[in-house]
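Please read the structure below before turning to the comments.
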Amino acid sequence: MKTAITELFGIEHPIIQGGMHYVGFAELAAAVSNAGGLGLITGLTQKTPELLAKEIARCRDMTDKPFGVNLTFLPSFTAPPYPEYIAAIKEGGVKAVETAGRSPEEYMPALKAAGIKVIHKCTSVRHSLKAEKIGCDAVSVDGFECGGHPGEDDIPNMILLPRAADELKIPFVASGGMADARSLVAALSMGAAGMNMGTRFVATKEAPVHDNVKQALVKATELDTVLVMRALRNTERVLKNKGVKELIEIEREKGASLKIEDILDQVAGVYPKVMLEGDMDAGAWSCGMVVGLINDIPTVKELIDRIMEGAERIIRQRLTGFLDGVSMGSAPARAIA
């Protein structure tokens with residue numbers, strides 16, 4: 001399948017693995033790239049630019065396919081040494097960067113001078129248009145369903161993706177609620193040139209996280225995520241657990257007076273405890289509503305292959321069947337999920 005995204009990044013399939021804290025290590029990024037997608041190392045999980053350089057080299061040993069690095073831009077008072085991280089990306093020969101968080105405008109000259117293609121994560125059309133204006137090559141449009149930070153507009157992808165298609169000139173991928181062949185075909189039909197999967201890739205054999213995490217994702221349903229930190233305008237979709245329940249109780253007690261300091265125990269330093277140690281009640285960790293569509297733990301290649309094979313069947317059989325006047329029923333859709 002060729003789309004603007006496969007052409008832009010030189011990949012076989014229009015599937016990107018989103019950057020995820022303490023998940024996006026070389027093992028997962030390489031597995032996604034080897035399977036024909038675009039794998040991403042999560043830059044800031046590596047505590048220093050030097051460690052990122054080593055992780056890039058490690059990934060280079062695992063794949064000869066294109067892969068990228070996610071670089072999340074944090075508020076200025078906690079800003080890591082971004083120029084040094086960008087230098088490590090450049091020196092590692094990486095040609096794709098997924099930016100997230102604050103606008104990457106300040107760092108676009110350095111990224112573009114290095115010949116790096118930039119895809120920026122956006123939760124609204126207005127932010128997508130700003131990304132296009134400052135020179136991003138593509139955007140990842142994150143709907144309200146997504147794990148992590150969905151923004152404050154609460155617009156689901158059935159509305160957000162067509163709106164992005166109406167406004168943008170650069171290509172975009174759909175993010176949030178993406179899990180299978182149906183997700184990809186739906187995203188393409190609404191104007192996207194591919195899809196970005198985060199939570200779904202955590203439940204794969206190559207994902208370097210504790211098995212407790214993978215089993216929790218298989219067990220959970222679409223009703224098991226919740227939004228936290230709305231009062232701080234830093235809304236995050238997370239998986240329900242004991243730590244999150246405590247966080248919600250504090251939010252209820254504090255109301256509009258809530259400060260980040262009030263919930264530090266439930267949000268700070270949580271990811272190593274969850275992803276590496278398997279402590280599922282440690283606190284708030286990002287998880288999308290797509291968890292309701294996760295029923296197994298395949299290899300990355302098995303997952304991507306069945307998505308692409310299923311997408312082709314949907315397009316060639318089910319959808320063209322409607323045009324040809326052939327009743328396909330609902331069974332094929334379930335069979336290729």
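No experiment lies behind these values; they were computed from the predicted model shown.
At a cut-off of 3.5 Å, with distance as the only test, no side-chain donor of Thr299 or Glu206 sits close to an acceptor on the other residue. Side-chain contact of Asn34 with Thr63: a donor-acceptor pair under 3.5 Å is present, judged by distance alone.
For Glu167, the side-chain contact (heavy atoms from CB on, under 4.5 Å) partners two or more places apart in sequence, or in a different chain, are Val125, Leu129, Arg163. In this structure, the side-chain contact (heavy atoms from CB on, under 4.5 Å) partners of Glu91, at least two apart in sequence or on a different chain, are Ala87.
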Discussion item. Run Glu132 and Val139 through side chain to side chain contact (heavy atoms under 4.5 Å, CB included) and show every step you take.
Written reply: CA-CA 8 Å; Glu132 179 178 81; Val139 291; 5.9 Å; no
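Both tests do not hold together for Arg58 against Phe25: distance to the six-membered ring centre under 6.0 Å, angle to the ring axis within 45°.
Within a 6.0 Å sphere centred on CG of Leu276, heavy atoms belonging to other residues, nucleotides or ligands number more than 12.
For the atom pair OG1 of Thr42 and OH of Tyr271, the computed distance is 10.5 Å after rounding to the nearest 0.5 Å.
Side-chain atoms of Asn157 come within 3.5 Å of backbone N or O of Gly176 as a donor-acceptor pair. Lys117 contributes no side-chain N or O that, together with a main-chain N or O of Asp137, makes up a donor-acceptor pair within less than 3.5 Å. Side-chain atoms of Thr3 come within 3.5 Å of backbone atoms of Ala193 as a donor-acceptor pair (strictly under, hydrogens ignored).
In this structure, Tyr107 and Phe73 have parallel ring planes: the angle between them is below the 30° cut-off, well short of the 60° mark.
Between Phe67 and Ser33, the shortest heavy-atom contact is CB-OG, 3.4 Å.
Cluster partners of Val244, by chain and number: Val226, Val228, Met229, Leu232, Val238, Leu247, Ile248, Ile250, Leu258, Ile260, Ile263, Leu264, Val267. The rule joins Ile, Leu, Val, Met, Phe, Trp and Tyr whenever side-chain heavy atoms lie under 4.5 Å apart.
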